[in-house]
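The sequence lines fix the lettering, A, B, ..., with proteins before strands; numbering per chain opens at 1.
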4 protein chains.
Amino acid sequence: MSSELSGSEGTSRRERRVQRQRKEIMDAAAHLFAERGYSATTTKDLALAADIGESTLYGYFASKREVLVAILSEKAEQVDSAFSEGLNPADRNGLIHLADKIMDIVLTNVLYTRALIGEAWVSDEILHNYVISRTNRISSYLRDLITAGVSSKMFRPIDPRLGARIVMATFVGALLPVLRGIESPPSPKRRRALAETVVSLLLDGVLVRNPA
Amino acid sequence: MSSELSGSEGTSRRERRVQRQRKEIMDAAAHLFAERGYSATTTKDLALAADIGESTLYGYFASKREVLVAILSEKAEQVDSAFSEGLNPADRNGLIHLADKIMDIVLTNVLYTRALIGEAWVSDEILHNYVISRTNRISSYLRDLITAGVSSKMFRPIDPRLGARIVMATFVGALLPVLRGIESPPSPKRRRALAETVVSLLLDGVLVRNPA
Amino acid sequence: MSSELSGSEGTSRRERRVQRQRKEIMDAAAHLFAERGYSATTTKDLALAADIGESTLYGYFASKREVLVAILSEKAEQVDSAFSEGLNPADRNGLIHLADKIMDIVLTNVLYTRALIGEAWVSDEILHNYVISRTNRISSYLRDLITAGVSSKMFRPIDPRLGARIVMATFVGALLPVLRGIESPPSPKRRRALAETVVSLLLDGVLVRNPA
Amino acid sequence: MSSELSGSEGTSRRERRVQRQRKEIMDAAAHLFAERGYSATTTKDLALAADIGESTLYGYFASKREVLVAILSEKAEQVDSAFSEGLNPADRNGLIHLADKIMDIVLTNVLYTRALIGEAWVSDEILHNYVISRTNRISSYLRDLITAGVSSKMFRPIDPRLGARIVMATFVGALLPVLRGIESPPSPKRRRALAETVVSLLLDGVLVRNPA
DNA sequence: CATGAATGAGCGTTCATTCAT
DNA sequence: AATGAATGAACGCTCATTCAT
């Protein structure tokens with residue numbers, strides 16, 4: 001009956017409150033980091049946005065940079081776990097689903113991703129730990145896919161390396177305006193349509209076939 | 001006798017010297033802004049890199065931000081003049097040439113572009129004045145191209161808006177790693193090959209045709 | 001039944017517990033104050049060393065400075081009571097015993113004394129209340145001793161004021177390295193030997209006598 | 001005639017001004033460090049005392065600690081150079097002169113020395129670099145002196161180590177009240193008298209000789 | 001009563017900009 | 001025209017103390 005007993009899994013009420021507060025700070029911070037960049041965001045801004053005293057921040061994070069790292073790490077975990085479910089899209093529908101999923105992950109974390117890219121643009125450490133290590137996995141997956149497509153004669157004989165790069169480039173470029181905040185995120189419906197168009201374009205090209 | 005008289009066309013020797021100094025400062029600044037971002041670059045850094053006193057800076061620019069604006073404006077002019085020569089690539093070779101040219105412009109100004117993107121990522125003012133106003137023109141051109149292609153039955157009936165976006169996305173995404181400094185710029189030869197592959201992929205898609 | 005009633009003499013069980021806790025805090029604090037100084041010791045350090053919550057401290061002391069004052073007052077009491085037993089060393093053995101005793105008091109309270117000196121070095125209040133008021137008594141005792149020695153023709157006619165000062169200086173200087181932690185405290189045996197040497201040197205000087 | 005030429009030794013007018021300003025800051029700082037200790041002195045205090053802006057400080061010193069180090073290093077140099085002139089006091093007058101000299105050095109640098117001791121009391125680094133390295137040299141010198149005195153049968157057979165320690169202790173203890181600011185520095189005359197008494201006491205002891 | 005959490009005040013330090021020369 | 005020196009404002013961060021539980 002006591003509060004000690006009420007937490008059955010070792011996460012006491014206090015600990016949960018700490019986690020909630022951390023999350024609130026991280027959300028507010030992601031917002032600011034995304035909007036004006038890490039360097040240009042002050043701890044005063046963070047405190048104000050999270051509605052706490054400036055020094056209270058340091059009860060939850062050891063430094064301003066730790067807030068950034070916590071944000072990015074959390075996001076990284078989410079992305080990793082999302083991709084850990086096997087990706088085996090051999091057909092057109094599978095590809096569309098994959099494209100849709102990637103966009104879903106990015107778009108439901110717009111702020112986090114925007115902050116990530118902003119800092120990765122100037123920090124090699126962030127770039128390698130949180131971007132390249134992730135994109136390498138996707139790139140590797142795409143290369144395998146293309147190689148399989150080519151050897152099964154379904155695809156024209158293109159360089160898998162180059163092909164993978166172009167596919168990724170297309171997605172990255174397509175998502176940038178949303179991440180930057182120029183465009184509002186597409187509805188699930190429009191997202192699906194975009195995925196279909198991209199996949200169709202990649203597979204079929206833009207030219208009319210069989211100009212019989 | 002005086003320097004006033006020696007320059008008959010308004011660009012006196014003194015003025016030319018000022019312009020040369022401004023340019024040197026801008027080059028050094030572009031380097032630093034690109035590498036570590038505008039916010040994280042100090043005026044001391046700028047002065048050191050340009051080999052002048054910290055206060056001398058203010059003889060040439062009204063503020064640190066003015067240096068950034070000057071850099072971006074100069075770049076914008078270059079890009080605009082590059083695109084002002086009519087772009088009329090109706091055929092495959094014209095498209096390849098266009099792709100090559102865009103990449104050329106970006107890649108011969110890596111530092112400037114990197115600095116531009118870095119700051120446009122956080123500043124709406126920079127974004128609209130120096131990025132969107134530029135991309136809109138390219139986008140508009142691509143839409144026209146696609147519309148023409150579709151109505152002439154050369155292209156499959158795709159949404160010109162979406163098509164233009166995807167084409168641009170592909171280029172942007174492909175150039176990002178070079179801008180960020182992960183990859184070294186491609187040689188003219190490899191650049192041409194890349195342009196050909198991209199255009200080929202866009203036009204023909206990846207699937208084998210005539211699975212007759 | 002209540003704790004109020006259980007303690008018939010004013011020192012209830014609770015009060016004893018409070019005193020014990022205060023003592024524990026003071027011991028931990030003396031350690032820290034001695035090692036790094038009062039200013040450089042944080043209340044967090046104190047709480048950690050005393051194994052209590054940071055705010056619990058304020059249940060036992062009104063402020064950080066109160067902890068210091070409590071430490072010094074306790075030490076002052078000990079010293080006073082140690083000296084209150086009459087000091088009447090008229091002969092060489094008595095002097096040696098006195099020297100030994102002073103060193104004993106200081107050395108069994110190294111931490112306290114080190115903290116005291118450290119703070120007295122910068123705080124006039126501490127200096128006068130806890131150092132000078134104590135040293136004056138010893139000084140006065142020594143002056144009497146010397147005066148007696150001189151008038152009984154046992155000592156050469158030296159200024160008692162100056163003599164007392166030099167004797168105290170010798171002891172203070174000799175103990176500093178131990179207080180500062182450069183040297184480990186001497187064993188009782190070595191302490192006695194030191195006392196003998198000092199007294200011998202003071203009484204007899206270093207020159208060979210009667211080289212007759 | 002130009003300012004370039006006026007500085008004949010490479011120390012330009014500017015450089016001299018910088019050195020003067022540094023010195024002024026160091027003097028003000030020594031005062032404050034001596035009075036309230038290094039930890040308890042803020043950069044604001046320093047700036048106020050030196051009558052400059054708080055940030056101006058950093059044009060002359062890299063950090064608050066650098067100010068301390070500069071003060072102590074300068075003092076160390078003075079002491080070293082003072083002792084570098086050979087110390088060869090074989091007779092009573094030589095000893096008195098030595099004692100007088102040591103006191104002179106310390107007393108003409110009361111503030112510096114007080115700051116030094118205050119910080120050496122809590123910082124091992126300061127203690128070893130600026131105190132022990134200095135005292136070791138004096139101690140070594142005194143041991144040699146005593147050894148010589150003993151082997152020439154002028155001194156009674158005492159342990160040179162212990163003897164040196166006691167001599168130093170006497171001086172240190174005697175100077176402490178002045179350093180701490182309890183007593184004003186003695187006049188040269190009184191200083192000489194003190195030196196004579198100390199040496200006399202050390203050599204002859206306090207007891208009357210030839211109690212025939 | 002003990003405590004983790006919160007915080008205002010202030011710390012040492014940096015920086016874009018101005019000023020005196 | 002060029003600059004070293006100066007600085008107010010603000011930075012990221014710490015700390016003695018208070019408060020809610």
Side-chain angles (χ1 to χ4, degrees), chain A residues 3 12-15 17-18 21-22 38-47 50-67, chain B residues 3 14 17-18 21 38-47 50-67, chain C residues 3 14 17-18 21 38-47 50-67, chain D residues 3 12-15 17-18 21-22 38-47 50-67:
Chain A
S3 67
S12 66
R13 207 177 313 185
R14 169 172 1 257
E15 188 145 344
R17 205 155 50 86
V18 167
Q21 179 69 290
R22 274 179 67 96
Y38 171 79
S39 259
T41 303
T42 71
T43 51
K44 194 175 191 170
D45 294 335
L46 292 183
D51 197 30
I52 56 175
E54 204 175 335
S55 55
T56 306
L57 205 70
Y58 291 87
Y60 295 92
F61 296 94
S63 68
K64 180 184 154 190
R65 187 140 259 261
E66 282 283 298
V67 181
Chain B
S3 65
R14 160 171 315 179
R17 208 156 46 88
V18 167
Q21 180 68 288
Y38 171 79
S39 258
T41 302
T42 71
T43 51
K44 192 175 191 172
D45 294 334
L46 293 182
D51 198 28
I52 55 173
E54 207 176 336
S55 55
T56 306
L57 206 70
Y58 291 85
Y60 295 92
F61 297 94
S63 69
K64 179 183 155 190
R65 186 140 263 259
E66 283 284 298
V67 181
Chain C
S3 64
R14 160 169 313 178
R17 207 157 46 88
V18 167
Q21 180 67 289
Y38 171 79
S39 259
T41 303
T42 71
T43 51
K44 192 175 192 171
D45 293 335
L46 292 182
D51 197 28
I52 56 173
E54 206 177 337
S55 54
T56 306
L57 205 70
Y58 291 84
Y60 296 92
F61 297 94
S63 69
K64 179 183 155 191
R65 187 141 263 259
E66 282 285 298
V67 180
Chain D
S3 68
S12 66
R13 206 178 314 186
R14 172 177 351 265
E15 189 145 344
R17 207 157 48 85
V18 167
Q21 178 71 287
R22 273 179 66 95
Y38 171 79
S39 260
T41 302
T42 70
T43 50
K44 194 176 191 171
D45 294 334
L46 292 182
D51 197 29
I52 55 175
E54 204 175 337
S55 55
T56 305
L57 205 71
Y58 291 86
Y60 296 92
F61 296 94
S63 68
K64 180 184 155 191
R65 189 140 261 261
E66 282 282 300
V67 181

*Is there a side-chain polar atom (N or O) of Tyr60(C) under 4.0 Å from OP1 or OP2 of dA2(E)?*
yes
*Identify the nucleotide, in any strand shown, that forms a Watson-Crick or G-U wobble pair with dA2(E), with both distances under 3.5 Å; if there is none, say none.*
dT21(F)
*asked:* Rounded to whole Å, please give me the gap between CZ in Phe61(A) and P in dT14(F).
replied: 15 Å
*Could you tell me whether the phosphate oxygens of dA6(E), OP1 or OP2, come under 4.0 Å of any side-chain nitrogen or oxygen in Gln21(A)?*
yes
_Atom pair CD/OG1 of Glu54(B) and Thr42(B) - distance to nearest 0.5 Å_ = 7.0 Å
*Can a side chain N or O of Thr56(C) be found less than 4.0 Å away from OP1 or OP2 on dT3(E)?*
yes
_As a test of reading the structure: which of dA16(F), dC1(E), dT13(E) is closest to the side chain of Lys64(D), going by heavy atoms?_
dT13(E)
*Which residue lies toward the 5' end of DNA chain F, Lys44(A) or Tyr38(C), if each is placed at its nearest nucleotide?*
Lys44(A)
*Side-chain touch Tyr60(C)/Glu66(C), heavy atoms, less than 4.5 angstrom*: no
*Counting only distance, no hydrogens or angles, is the base of dG8(F) paired donor-acceptor with the side chain of Ser55(D) under 3.5 Å?*
yes
*Considering heavy-atom distances to DNA chain F, does Gly59(B) or Ala40(C) have its closest nucleotide positioned more toward the 5' end?*
Gly59(B)
*asked:* Just the rounded figure in Å: distance from C1' of dT17(F) to CD of Glu66(C).
replied: 14 Å
*Please work out if Ile52(A) contacts a base, only the sugar-phosphate, or nothing of the nucleic acid, heavy-atom cut-off 4.0 Å.*
sugar-phosphate
_Value in whole Å for how far the P atom of dT3(E) lies from CG of Leu46(C)_ = 15 Å
*For the pair made of OH in Tyr58(C) and C1' in dT17(F), what is the distance, rounded to whole Å?*
5 Å
_On DNA chain E, compare the nucleotides closest to Asp51(C) and Leu57(A); which residue's is nearer the 5' end?_
Asp51(C)
_OP1 or OP2 of dG4(E) versus the side-chain N and O atoms of Arg17(A): is any pair under 4.0 Å?_
no
*When you look at CZ of Arg17(C), are more than 12 heavy atoms from neighbouring residues, nucleotides or ligands closer to it than 6.0 Å?*
no
*How close or far is atom P of dC15(F) from atom CD of Glu54(A), stated in whole angstroms?*
16 Å
*Give one of base, sugar-phosphate or nothing for Ser39(A), where a contact means two heavy atoms less than 4.0 Å apart.*
nothing
*Check Thr43(A) against Lys64(A) and note the closest heavy-atom contact, atom names and distance.*
CG2-CB, 4.1 Å
*Heavy-atom closest pair, residues Ala40(B) and Ser39(A)*: CB-OG, 3.8 Å
_Shortest side-chain distance from Thr43(A), nucleotide among dA16(F), dC11(E), dG12(F)_ = dG12(F)
